[in-house]
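Just so it is clear: chains get the letters A, B, ... in the order the sequence lines come, proteins before strands, and each one is counted from 1.
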4 protein chains.
Amino acid sequence: MASEAQRSDTAEPRRGRPRSEASHQAVLDATTRLLRVSSYEELTVEAIASEAGVSKQTIYRWWKSKAAVVLEVMLTGDAEIELVPMPSTGDLRADCLTWIRGMLVEAFRETHVGMARSLVVAGLQGDPGTERLLQQASMWDHGLLAERLREAERAGELREGVDIAAAASAIGDPLIFRMLTGSAPSLSWSESLVDVVVTGLMRPGAGTSLN
Amino acid sequence: MASEAQRSDTAEPRRGRPRSEASHQAVLDATTRLLRVSSYEELTVEAIASEAGVSKQTIYRWWKSKAAVVLEVMLTGDAEIELVPMPSTGDLRADCLTWIRGMLVEAFRETHVGMARSLVVAGLQGDPGTERLLQQASMWDHGLLAERLREAERAGELREGVDIAAAASAIGDPLIFRMLTGSAPSLSWSESLVDVVVTGLMRPGAGTSLN
Amino acid sequence: MASEAQRSDTAEPRRGRPRSEASHQAVLDATTRLLRVSSYEELTVEAIASEAGVSKQTIYRWWKSKAAVVLEVMLTGDAEIELVPMPSTGDLRADCLTWIRGMLVEAFRETHVGMARSLVVAGLQGDPGTERLLQQASMWDHGLLAERLREAERAGELREGVDIAAAASAIGDPLIFRMLTGSAPSLSWSESLVDVVVTGLMRPGAGTSLN
Amino acid sequence: MASEAQRSDTAEPRRGRPRSEASHQAVLDATTRLLRVSSYEELTVEAIASEAGVSKQTIYRWWKSKAAVVLEVMLTGDAEIELVPMPSTGDLRADCLTWIRGMLVEAFRETHVGMARSLVVAGLQGDPGTERLLQQASMWDHGLLAERLREAERAGELREGVDIAAAASAIGDPLIFRMLTGSAPSLSWSESLVDVVVTGLMRPGAGTSLN
DNA sequence: TGATAAGCGAGACGGTACGTCTAGTCTTAAA
DNA sequence: TTTAAGACTAGACGTACCGTCTCGCTTATCA
């Protein structure tokens, strides 16, 4: 990964020609561009090099595999998976429903599906290093969702002792999974998903059920 | 997929030498065997052919790619992903907790993780045909879980109008997802996941909360 | 070769379905037809079978290899390499010159060149059986040429003790060789070839030199 | 052919890693070695690569087919077809007879026969490029023979206007042809061949006939 | 100001696997 | 028993990428 070579924050001035930041960025850009039109499997290091106007050696000097390049693209947000904003009106159930309706439209766009697949395949290449990165992938954090849940927790709306991360996964992971298989769920399925989890989270009596 | 060529149920007598069922099965067996010790990436068609004592041509005659072979292995249950049995004691919450504790032990064995990864990678190869198969994969059905939920529904324990499939996904998909990334969740995380969803499913007052 | 299986002239009635002479001939015809438009290398047994409306097994039942089929086509004259007639006016030198001028036109047609090449390549496949056939190939006999020389010998025009076959080869082989390499010799080269050999053959004083 | 890529005598400095001359030579050597024990048909590109310690791609990078490799081996004399020396005692007839007696022994050795066959088969693969090379093959020049004939011509021993190349072919081509078919001619046949042609070449009265 | 040390694009290298092709054999049902 | 059909094993084909290794060149720091 690139970071390894840059970790010399204020260290010795590194003799020799310094790393070309232009080349570095060109590789990431080229990869992003290519992933928009091809799957991880179809993507080749040679194509990245050619598209970036960079030599293969330069890629291998800074990344140890194609998976590493793809993961850096993903994890540094170069591919910018546009997230739907999470509203905060005070009504947790309503906010989550608004959010998931937006996700159904946004997350199942072809480009995003392809990106998510690339990320997963790259992460599953069997290399322990990339695997670790996959686990950290911010994409799986369901960050905005978890944040909104924590807000509700602070407002005392939730039952005590529930695991916020687990609850966020209960809503977010099924969404991601259907994204990977390319089959967008129906609106009612999604709403029911949110309803069940939110109901299970909230203090009895607080808020209102969907039905 | 193999089934294409056999669809002539009662049709014309099929001239020429018939397909060798022995070879067909040998390929599936060999693939299963190899997948136990290597990842999808490491698996090669040549190795399958050699292990099965079959010529490469025979593989390509009946399957159009390595992904197709792997998917057939998975989807026909040749790889037999052993599921943890789902108890049915009458207490839905307790049954689900028992089940998920078993899954934490069983599903995160190295072999199962490898199989699940192979299935996903094979399904994400960008081919529309294999993609369709991935969506149908029985593995994602969370079959036993959904069945138990339906049983509770028939017993009138659940709130009305909830989508059983969505609820099963809320518990099952996070589990599969962590299986893919190779990071087994903690027991408390898993229990909280079950608790939230089951609570959200059940009629208020029915059953008891974990806390 | 086909002859092996036919030797039962008036023998036992041969049980079972009799050999299809039609298939036999169809194979030879198809081969001839295909060789007119493709080289020996490009010719495939499957193409012969398909063109002849015959199964591959039928071919292998009667011939032991592709080379054997091609050689039978050649050697039984099915491919009928049209020979230029050899005149016999009494003037050996003039007759030979007339003949070679005709050969320059006739033998270097694309079809004949292709056939000769196929014959040679088939014969050189390293199989002793086909090799023997190549040696016997009537094509190399320079039959008409040798016959005319013998006529001159009987007429007492030739020096004594010369080997007619060797002399025929001295004229014929260079012609065949240039046929194989696809480079037709010039008229003057050919005439000089004939002139030198005929001069060397004839009794001093008999006939007249070209120059 | 390899020469194509090297033609930049004094041209641009050739960027990138230069061609490995070691690999080039290793391929030619390996091919020569393999051809000594196997026919052209039996020779495979994979075997050449393996024997040369070179990758298949390197072979295909510089030669477009197996035929091209074999032809380069032949035409650059790497296979060194040992020629029998041509004496020059002043007596043309005697010299040619000495030469052909040597050829009968030397040229029909198994190795030479195999090489000649490989050269011919390689040249007859139907590719215009290799065909052209076949025509130029120095082997067919009958170089030493033609040279000796020209010496006699300069000495004024020959009739005027005869084509030396044609005469050399009249002796050399029949020899090559029998080499290809693997049937060594008899001594008397060979001597008669030489006698007829030399007699036809020489000025009447010069030299003496065999009989 | 030169020597030394990387980094760079280009592209050849040894490998490995791909998916296709053909040879020649084997197994059906029909004739 | 032979036929046409067609599946079978075996193995070479030529291509595509992989990840490594020179080249000649450029761009830096250090002496």
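In terms of polar N and O atoms assigned as donor or acceptor, the side chain of Gln57(C) comes within less than 3.5 Å of the base of dC26(E) in a complementary pairing.
Between the NZ atom of Lys64(D) and the P atom of dG14(F) there is a distance of 10 Å, rounded to whole Å. Atom pair Glu41(C):CD and dA23(E):P shows a separation of 10 Å (rounding to whole Å applied). As a whole-Å value, the separation of Ile59(D) CD1 from dA12(F) P is 14 Å. To the nearest angstrom, C1' of dA23(E) lies 11 Å from OH of Tyr40(C). Whole-Å rounding puts the Glu42(A) CD to dT15(F) C1' distance at 17 Å. In this entry the distance linking CD of Glu21(A) with C1' of dC8(E) reads 14 Å, nearest Å. With rounding to whole Å, Arg19(D) atom CZ is found 15 Å from dG14(E) atom C1'. As a whole-Å value, the separation of Leu34(A) CG from dC17(F) C1' is 15 Å.
Contact annotation: Arg61(C) reaches the phosphate of dT3(F) (side-chain N/O to OP1 or OP2, under 4.0 Å). Within the 4.0 Å cut-off from OP1 or OP2 of dA6(E), not a single side-chain nitrogen or oxygen of Trp62(A) is found. Put simply, Ser23(D) has a side-chain N or O that comes within less than 4.0 Å of OP1 or OP2 on dG14(E).
For the pair Leu35(A) and Met74(A), the minimum side-chain heavy-atom distance is below 4.5 Å. The side-chain heavy atoms of Glu41(B) and Glu41(A), taken from C-beta on, include a pair separated by under 4.5 Å. Contact annotation: the side chain of Trp63(A) approaches that of Val27(A) to within less than 4.5 Å [non-hydrogen atoms, C-beta and beyond]. Side-chain contact check for His24(B) versus Trp62(B): every heavy-atom pair is 4.5 Å or farther apart.
Toward the 5' end of DNA chain F, the nearer of the two residues Tyr60(A) and Arg17(B), judged by each one's closest nucleotide, is Arg17(B). Between Thr44(C) and Gly16(B), the residue whose closest nucleotide on DNA chain E is further toward the 5' end is Thr44(C). Map Ser20(A) and Ser20(D) each onto its nearest nucleotide of DNA chain E; the residue landing nearer the 5' end is Ser20(A). Checking Pro18(A) against Pro18(D), the closest nucleotide of DNA chain F that is more toward the 5' end is the one next to Pro18(D).
Within the structure, every pair that satisfies the salt bridge (Lys or Arg N to Asp or Glu O under 4.0 Å) test and touches residues 42-62 of chain B, not counting sequence neighbours, is listed here: Arg33(B)-Glu51(B), Glu46(B)-Lys56(B).
Partner of Lys66(B) under the side chain to side chain contact (heavy atoms under 4.5 Å, CB included) criterion, out of Leu71(B), Ile59(B), Val45(B): Val45(B) alone.
Nucleic acid contact for Thr58(A): sugar-phosphate only, since backbone atoms but no base atoms lie under 4.0 Å from a heavy atom of the residue.
Ser20(A) is linked by a side chain to side chain donor-acceptor pair (under 3.5 Å) to Ser23(A), counting only residues two or more places apart in sequence or in another chain.
Only Glu46(D), Lys56(D), listed by number, bring a heavy atom of residues 46-56 of chain D to less than 4.0 angstrom from any atom of DNA chain F.
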